[in-house]
Structures are given as structure tokens and as C-alpha cells.
Amino acid sequence: MKKEIIINETANEIRIAITEDKRLAELYVESPEKERLVGDIFFGKIARVMPGIRAAFIDIGHKQDAFLHFSDIGESFNEYSALVGEDDADIDDDDDDDDAEEDDEIPGSTSIVEVPATPISKGRYESKPRQRYSRPPENKRTNPNLTAGQDIIVQVTKEPVGRKGVRVTSEISLPGRFLVLMPFNGRIGVSKKIPNFREKRRLRRIVRSLLPNGFGVIIRTVATDREESAIKQDLEKLIETWREVEKKVKAEQPPTLLYKDMSTTSHVIRDLFTDNVERVVTDSKRLHKEIRTYLDQNSAHLIDKVELYKDREPIFDAYGVEKEIATSFGRKVWLKSGGYIIIEQTEAMVVVDVNSGRYAAKREQEQNSLRTNLEASRELCRQLRLRDIGGIIVVDFIDLEDDSSRKKVYDEVRKEFRRDRAKVTVLPMTEFGIVQITRQRIRQSVLHSFSEPCPVCGGAGLVQSKATVVNHIERWLSRFKSEGPELRLTLKLHPSLAAYLNEGFWNKRREFMLRFRVIIKLEEDPKMPVAEYRFFSVKQNKDITETFESN
């Protein structure tokens, strides 16, 4: 697979596109309004503890308090409490577990959860979740000793979504190019993506000889075949960074930021620019220089893959990315077979509907439906990665009669998700053609970077009909006449609604004036939403809409 990273910088925005075989696979957007928070470390204060939901809310200096679930309070909590000066900290020594194998799990980086299908009677199959890596249950604190007002060190693991604040953990990790440093952890883990056992043993031996007491690390996949000097340099930088964090804890008062993780661009280069990427192309001289400087210090063999784009045509146009962005973020996504998928996002979940788009003969219906479903499976997985959609996803595939056909679709979905770095769980297709998916949510979907809720419909996609709004106006006038003696009103509203009230000789406005014995003057305002209206008293010269609204 040909993989490329294309970076476009403008005055207020940086866009990073990752393409696979010339098709857009992932898109990152960085702007002053969309600042990346994952990986940041804060010195916070517990605002409130809520045992009922097994969580605490942490004041980290943001508008919304951070959410800390009890399951995100790890075994190193006492050590961090001692660092911030808690008197009741009880520090225990943990045994090293050098045989543990772990994924490259850092804030913002994820692993896959596989749900294999197990055959049972009559060709049907059921799911048995199997996760590649999970922390031992004993590491999860069910009854942590938290009190309101207590100081605490936390790290952001998920961006704010909607009205929810960031999600944080008390288990701190500092990601580098080759290692992920875990203060107070004491374990050495190796990425499972390193297949060679001898290489794993070599890397463990190197790290064990360099690692100071009280620290743990995860050896990342990109450390494969790297010299000891490169790994040592990366470890020294991470330890130096942690020492700076410790100094800030002793000098600052909460809430305050202790450590700011890399920008989105640097994060992508650090975590995604590996040997399987053919090239990185950017139209920014500044970013080109920064990337080359970073690689010169960490992965010098990749420097030649970094190119500066100099043509006059916009870089995203030249590589076909702009066109894909325009066509890939719509509600309807067309398939080559003539079918299409509809993607509907709600606050609770994402619903995807697969349609054939054309009639097929009955004798071929099963095969045609299967082909469309398989194509939709590949496009669906690409769209979820591209839009960075997380949470619960329900997919309504075209109905299939054969169990073998349903299993083929399920297997295709699982196969495509292996490219996804996010943690994904897929359940087998039901008899109704429904596939349920959960995908780890780290940040808001990319669609939110390009859009905002409609000021007219509030994001619902629908507005009240003109007839409904006129009925509201009629009820308002009825309440007004029952309490107010005034005879003259000014009604401010959208031009289309004004035209509806004035339509015909015997129109609604005249009907209201005769019925309620009041003179109504219409004032058109194109900036007002269609479903909104304001009544003004001519006598009092003020807005009286709220006075006679229903409670």
C-alpha cells in the first residue's frame, strides 16, 4: 500500500491528509480555535467527587471541569499524591514485570479490539470479544480516596465533545519517538507489533540497562533495529521533560498546565511517519524545516522522504485531496456499484444506512446485495476513519438471506478495520442486517472542524413550518388581548414569513387585526430565523414578546 502524508498550511489553519493508494484515509485540522489537548498534563484540583457514577470532576482551569472516572485512576496514584504533598499518601513498591507486552498506547494513540466469530449450530455464529491489550483488573481502583479540594496531577486522554469536558487519567505517560515514559510505573513493555522475539529481547536489555529506578517504559514499534544511542537519547529527553514537570508541581498552584504535548503536525510526524510512509510533502517552508530538524535528531534515515512543494497549484488540488474532502463529507456517499450509504450523526450514536440504488432481478438479488454490502463495508470503514467518528455506530446493511453471506460482510468489516489505529469492536450481523460497532472516541469528529450548528434549526436539520409559526403568533395575540389594552403593535419577522401572512386579499394579518381588534404593522428582517418573531409595543416602544409567551 502506497502511503503518503500531505500537509497544507494557510494563515489560520494547518491541514494534514494521510492518503493510502492515492485515496484520502485520514484528515487532521489544526487551528487556533481547535487546539489539541490530548497528552497535556495539568496540575488540577478536585472540584467534586460523585461516587454514584464512580467519577470525579477536576478543575484544570478550563470552562468545563475535566472528567476523571475511577477506572482511570491507576496503581501509581499514591506516588503522584506524594509528589503534590498529600499527607495520607501510602507508597508501596511494585514488582517489575519485564515480560509484559504492551501496545504503543499513549494519549491519542489506540489499539484494535478484535471480536472473532465462533461457529455454532446451523451455520450461525456468535461473538466473543478478545482485546489485544488491557491492564490487569487489580490496577483499576474501585474506591480511590478522593476528596473535594484535593490537588491532583492528570493527563488529557480525550478531547471535549459537545457539552462534555475533557476526559483525564491519573496515569501519566510521556510519548517520545521510540519510547513512552511512565513515571512511577516500573514496568518495561514492548509493542506487540514488533514480531521478532530476538529484537524484543535486545530492546528490553538496552532499556533495562538505561532506565532509572521508579520509571517504566513502553518500547514503540519504530524502535525496531534502532541503535542504543538513539534509544538512550530519546529516554534522556523524556526523563528531562518529567523533571521539569516535577519542578512545576512544586512551584505552581492549581489549576495550571504542567506540560503541553506536541502540536497536531508534530504528533503526526512523531507517531505516524514510519518506514512504510513513502513521503511527506508540505507547502510550508517553516514546517519543512521543522520536520527535517526533528528527523535529523531522531530518524535521520527518513529525511530524504520529506519534500517541499513549490508549484503554484494548491497542494491539496494537485494531489486530489481537496476534491475528496468535498465529496467525502456529505450525508450521502456514492459507491462505484451505483449504491450509496447515508451517514446520520446524532448525539447518542451514528446511524449508517446502505442502499442498493437500483433494482436487481430477484434471482440475482442475493449476490447483488452481497456485492453492494461488501463495497459499502470498505467505504464505511474508510469514512469512519476519515471523519474520525467515535462512539456507537449502527449499520443497516441490505438484507441478506444466507448466513454465509452475512458472515462474509462481517469478516470484510473486521478486515478493513485492521487498518484503523482506533480501538474498534464489531459484533456479527443480525438476521435484520444490522451490524453494531463501537469505535474509540479521542476527539470530536473532523466534520466539526469544518462546520457549526445551523443558527436557524439549531443543528436539527428541520425548522417549524410557516403554518406552525403563524399558529404560535395567533396564540400570542390571544394572550395579549386578554391582558393588554393596547391597539397598535409592530411584528418583526423574516421576509418569507411576512409574505405568508400577507398572502391573498383576505390574508392572515387582516384576519388577526379584525379578530383581535389590533393594528399590526409588519417589519421584515432577513437576518431573523424563519421560525422566530418579535412583537413590539408602539405605545411603550419596547419588545413585549416574552411578556405574553406561554410559560
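Residue numbers count from 1 along this sequence. Just so it is clear, the structure is predicted and the values come from calculations on it, not from any experiment.
Among residues two or more places apart in sequence or in another chain, the side-chain hydrogen bond (donor to acceptor under 3.5 Å, both in side chains) test is passed with Arg205 by none. Taking Met50 as the reference, Arg48, Ile53, Phe57 meet the side-chain contact (heavy atoms from CB on, under 4.5 Å) condition, with sequence neighbours excluded. For Thr430, the side-chain hydrogen bond (donor to acceptor under 3.5 Å, both in side chains) test picks out no residue, with sequence neighbours left out. Remark: Asp234 pairs with no residue by the side-chain hydrogen bond (donor to acceptor under 3.5 Å, both in side chains) rule, at least two apart or across chains. Every residue two or more places apart in sequence or in another chain was checked for a ring pair (Phe, Tyr, Trp, His ring centres under 6.0 Å) with His69, and none qualifies. Legend: residues meeting salt bridge (charged side-chain N to carboxylate O under 4.0 Å, His left out) with Arg279, ordered by chain and number and at least two apart, are Glu4, Glu307.
The closest donor-acceptor contact from the side chain of Thr282 to the backbone of His288 lies at 3.5 Å or more, if one exists at all. Remark: side-chain polar atoms of Thr293 are paired, donor with acceptor, to backbone N or O of Lys289 under 3.5 angstrom. Under a 3.5 Å cut-off, the side chain of Lys332 and the backbone N or O of Ile343 do not form any donor-acceptor pair. Here the side chain of Glu159 pairs a donor or acceptor atom with the backbone of Leu37 at under 3.5 angstrom. Formation of a donor-acceptor pair under 3.5 Å by the Thr224 side chain with backbone atoms of Thr221 is found in this model. For Asn355 (side chain) and Gly339 (main-chain N/O), no donor-acceptor pair under 3.5 Å exists by modelled atom type.
Atom CG of residue Asn8 and atom CG of residue Asp283 lie 4.5 Å apart, to the nearest 0.5 angstrom. Interatomic distance, SG of Cys381 versus CZ of Arg414, reported as 12.0 Å (0.5 Å rounding). Here the CG-CG distance, from Asp275 to Leu302, works out to 5.5 Å after rounding to the nearest 0.5 Å. Note that CZ of Phe273 is 12.0 Å distant from CG of Asn298, once rounded to the nearest 0.5 Å. The CD1 atom of Ile239 sits 6.5 Å away from the CG atom of Leu211 when rounded to the nearest 0.5 Å. To the nearest 0.5 Å, atom CD1 of residue Ile269 and atom CD1 of residue Ile16 are 7.5 Å apart.
Checking Thr372 against Ser356 by side-chain atom types alone, no donor-acceptor pair falls below 3.5 Å. For the 3.5 Å distance criterion, the side chains of Tyr294 and Asp296 fail to qualify, holding no donor opposite an acceptor. Defined by atom type and a distance below 3.5 Å, a donor-acceptor pair is missing between the side-chain atoms of Asp402 and Ser404. When only modelled atom types and interatomic distance are considered, Ser377 and Glu416 share no side-chain donor-acceptor pair under 3.5 Å. No side-chain N or O of Gln155 forms a donor-acceptor pair with one of Thr169 less than 3.5 Å apart.
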Please step through side chain to side chain contact (heavy atoms under 4.5 Å, CB included) for the pair Leu174 and Tyr259, ending with a clear verdict. CA-CA 10 Å; Leu174 292 174; Tyr259 167 77; 3.7 Å; yes
For the pair Tyr28 and Glu30, evaluate side chain to side chain donor-acceptor pair (under 3.5 Å) and give the outcome as yes or no after the intermediate values. CA-CA 7 Å; Tyr28 297 85; Glu30 182 180 5; over 6 Å; no
Assess whether salt bridge (charged side-chain N to carboxylate O under 4.0 Å, His left out) is satisfied between Asp225 and Arg202, documenting all intermediate values. CA-CA 9 Å; Asp225 298 326; Arg202 182 187 76 89; 5.2 Å; no
Before giving the answer on salt bridge (charged side-chain N to carboxylate O under 4.0 Å, His left out), spell out for Lys3 and Asp21 the whole-Å C-alpha distance, their side-chain angles and the decisive distance to 0.1 Å. CA-CA 6 Å; Lys3 193 171 182 179; Asp21 292 333; over 6 Å; no
Mind running salt bridge (charged side-chain N to carboxylate O under 4.0 Å, His left out) on Asp271 and Arg421 for me, showing each step along the way? CA-CA 11 Å; Asp271 296 342; Arg421 295 182 303 112; over 6 Å; no
Pair Arg382-Glu324, salt bridge (charged side-chain N to carboxylate O under 4.0 Å, His left out): steps then yes or no: CA-CA 12 Å; Arg382 188 179 81 94; Glu324 286 217 49; 3.2 Å; yes
Please determine whether side chain to side chain donor-acceptor pair (under 3.5 Å) holds for the pair Arg54 and Ser71, giving the CA-CA distance in whole Å, both sets of side-chain angles, and the decisive distance to 0.1 Å. CA-CA 8 Å; Arg54 300 185 63 246; Ser71 63; 5.5 Å; no
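The two residues Phe215 and Pro183 have their closest heavy-atom pair at CD2-CA, 3.9 Å. Here the closest heavy-atom approach between residue Pro175 and residue Ser173 is recorded as CD-O, 3.7 Å. Pairing each heavy atom of Ser369 with each of Leu400, the nearest pair is CB-CD2, 3.7 Å. Considering every non-hydrogen atom in both Ala223 and Glu199, the closest pair reads O-OE2, 4.1 Å. In terms of heavy-atom proximity, Ile389 sits nearest to Gln345 at CD1-NE2, 3.9 Å. Nearest heavy atoms, Val207 versus Val217: CG1-CG2, 3.3 Å.
Counted within 6.0 Å of CD on Glu313, heavy atoms from surrounding residues, nucleotides or ligands total more than 12; the atom is thus considered enclosed. Counting non-hydrogen atoms of neighbouring residues, nucleotides and ligands closer than 6.0 angstrom, the CD1 atom of Ile392 reaches no more than 12 such neighbours. Atom NZ of Lys232 sits in a sparse spot, with 12 or fewer heavy atoms from other residues, nucleotides or ligands closer than 6.0 Å.
Under the 4.0 Å criterion applied to side-chain N and carboxylate O atoms, Glu26 and Arg419 are not assigned as salt-bridge partners. By the 4.0 Å N-to-carboxylate-O rule, Lys336 lies too far from Glu375 to be salt-bridged with it.
Side chains of Ile437 and Phe417 form a contact here, defined as non-hydrogen atoms less than 4.5 Å apart. Residues Leu295 and Val306 are in side-chain contact: their nearest non-hydrogen atoms beyond the backbone lie under 4.5 Å apart. Put simply, the side chain of Phe397 reaches to within 4.5 Å of the side chain of Val435, judged on heavy atoms. In this structure, the side chains of Asp65 and Ile58 stay at 4.5 Å or more apart for every pair of heavy atoms. Using a 4.5 Å cut-off on side-chain heavy atoms (C-beta onward), Val190 and Ile218 make no contact.
Val166 pairs in a side chain to side chain contact (heavy atoms under 4.5 Å, CB included) with only one of the listed residues (Leu68, Val38, Val156), which is Val156. The only option from Arg286, Lys285, Arg15 that meets the salt bridge (charged side-chain N to carboxylate O under 4.0 Å, His left out) definition with Glu9 turns out to be Arg286. Glu412 pairs in a salt bridge (charged side-chain N to carboxylate O under 4.0 Å, His left out) with only one of the listed residues (Arg378, Arg406, Arg371), which is Arg378.
Ring to ring, Phe42 and His62 are close: their centroids are under 6.0 angstrom apart.
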